[in-house]
Amino acid sequence: MDRNVVVTGASRGIGAAIARELARRGDNLVLAARGRDGLEDVASASSSTRVHIVTADVTQRAEVERIRDEAIRVFGHADVWINNAGRGIVRSVLALSDEDVDEMIAVNVKSALYGMQIIAPHFMERGRGHIINISSFLGRVPVATPRSAYSAAKAALNSLTANLRVDLQRTHPGINVSVVMPGLVATEFARHARGSTGSVPPGAIGSPLKPQTAEEVAVIVADLIDHPAAEVYTNSASHAVAARYFADVGLFESEVPSRS
Ligand SMILES: NC(=O)c1ccc[n+]([C@@H]2O[C@H](COP(=O)([O-])OP(=O)(O)OC[C@H]3O[C@@H](n4cnc5c(N)ncnc54)[C@H](OP(=O)(O)O)[C@@H]3O)[C@@H](O)[C@H]2O)c1
């Protein structure tokens, strides 16, 4: 496709799978994360296209600016910016510390806010571009209570994404802003969650959504670039679960066994 696509959190999991899928489709890539080894592995598996890696911590605004600057320096411009980096938590509401909440907001909300604020002026200048924020179904329907502050952060991300989309639709209709809400995806996400003991949190057991692979999610994200939409659930079962939730929250909560 020969587009220039920036992917954060591309050293493993969903971000790495998106990178491999986009490389297969012929896009040029800027891949960012903190771990250089993972980025290099992904880049070497994507050797059919031009790939530039940037080690960066996306909770730091200046580092997200550096990702953009590197993308423009290497490829001249960016067409798509995917805010994918994120982290979970295993902590119920009553156990949350200030540090827990601060980290969930920093890595799941501020990181993407920086990405949106930093790339939007470039897209506005060009009159086109696509911002994709990888959120979570938990940001729409909080079905896993141990992920509490993560769900809350992803809900905030959904809201920021929608607000930016509405603003840009009015002034810059050539710019798309999308949010992607995967359900459970088989990655190392649970193991890397703050407070994780390595096991799956109890709230995820018996979830109404069956796990997907990172590759399945990556195909959906790649198709979203070709056919922009405001919101995407990657799991086809999510629509029905969300509809049931909003129809009667109390009833839903009393019926879903995963809400431990
Ligand atoms: N897996 C799921 O079940 C699931 C479900 C719904 C939504 N999601 C969302 O999908 C996205 C990807 O998750 P995943 O499952 O692929 O998780 P993962 O395997 O843990 O990968 C997370 C990625 O984010 C990067 N990252 C984390 N903190 C970062 C930071 N401060 N700066 C830069 N990069 C950072 C990690 O790289 P480094 O550690 O090298 O920095 C890694 O590449 C996240 O936004 C997650 O919330 C996942």
Side-chain angles (χ1 to χ4, degrees), residues 6-21 29-43 53-67 82-90 102-115 132-144 146-147 149-158 161 179-194 196 198 200-201 203-205 207 209-218 220-221 231-235 237-238 241 258:
V6 177
V7 186
T8 72
S11 61
R12 62 174 185 267
I14 294 170
I18 292 170
R20 289 190 297 268
E21 179 62 25
L29 301 172
V30 174
L31 306 180
R34 293 164 304 178
R36 174 164 285 276
D37 290 352
L39 290 174
E40 283 176 350
D41 288 348
V42 176
I53 64 174
V54 183
T55 52
D57 179 349
V58 294
T59 65
Q60 305 301 313
R61 183 184 286 273
E63 300 212 4
V64 181
E65 283 171 348
R66 190 162 52 77
I67 299 169
I82 304 177
N83 289 306
N84 165 75
R87 189 182 186 197
I89 192 169
V90 187
D102 289 348
E103 197 203 335
M104 286 300 100
I105 296 296
V107 71
N108 294 304
V109 183
K110 283 180 155 182
S111 62
L113 175 65
Y114 298 153
I132 298 176
N133 292 331
I134 308 298
S135 179
S136 168
F137 187 63
L138 294 180
R140 177 59 47 84
V141 179
V143 282
R147 295 262 187 259
Y150 169 80
S151 298
K154 292 296 195 181
L157 176 59
N158 289 358
T161 310
V179 69
V180 177
M181 289 171 277
L184 274 177
V185 186
T187 67
E188 294 179 44
F189 177 81
R191 192 165 69 77
H192 286 275
R194 184 178 172 94
S196 169
V200 179
I205 292 168
S207 165
L209 301 182
K210 294 278 172 287
Q212 291 180 293
T213 64
E215 288 69 29
E216 287 171 321
V217 172
I220 291 166
V221 173
E231 296 193 340
V232 175
Y233 295 127
T234 65
N235 191 315
S238 297
V241 177
S258 63

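Atoms within each ligand, like the ligands themselves, are counted from 1 in listed order.
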Under 3.5 Å, N or O to N or O, is [X] touching ligand 1 that way?
X	value
Tyr150	yes
Val185	yes
Thr59	no
Ser11	yes
Val58	yes
Ile14	yes
Phe137	no
Arg87	no
Lys154	yes
Gly9	yes

Closest to atom 31 (N) of ligand 1 by heavy-atom distance, out of Asp57, Val64, Leu31, Thr234, is Asp57
Is it the side chain (CB and beyond), the backbone, both or neither of [X] that lies under 4.0 Å from ligand 1, heavy atoms counted?
X	value
Ile134	both
Ala214	neither
Ala56	backbone
Leu138	neither

One finds that the ligand 1 atoms under 4.0 Å from a non-hydrogen atom of Ala10 are 43 (O)
Ligand 1 atoms nearer than 4.0 angstrom to some heavy atom of Ala85 are 24 (O), 26 (N), 34 (N), 35 (C), 45 (O)
Residues at least two apart in sequence or cross-chain that pass side chain to side chain donor-acceptor pair (under 3.5 Å) with Ser135, listed by chain then number, are Asn158
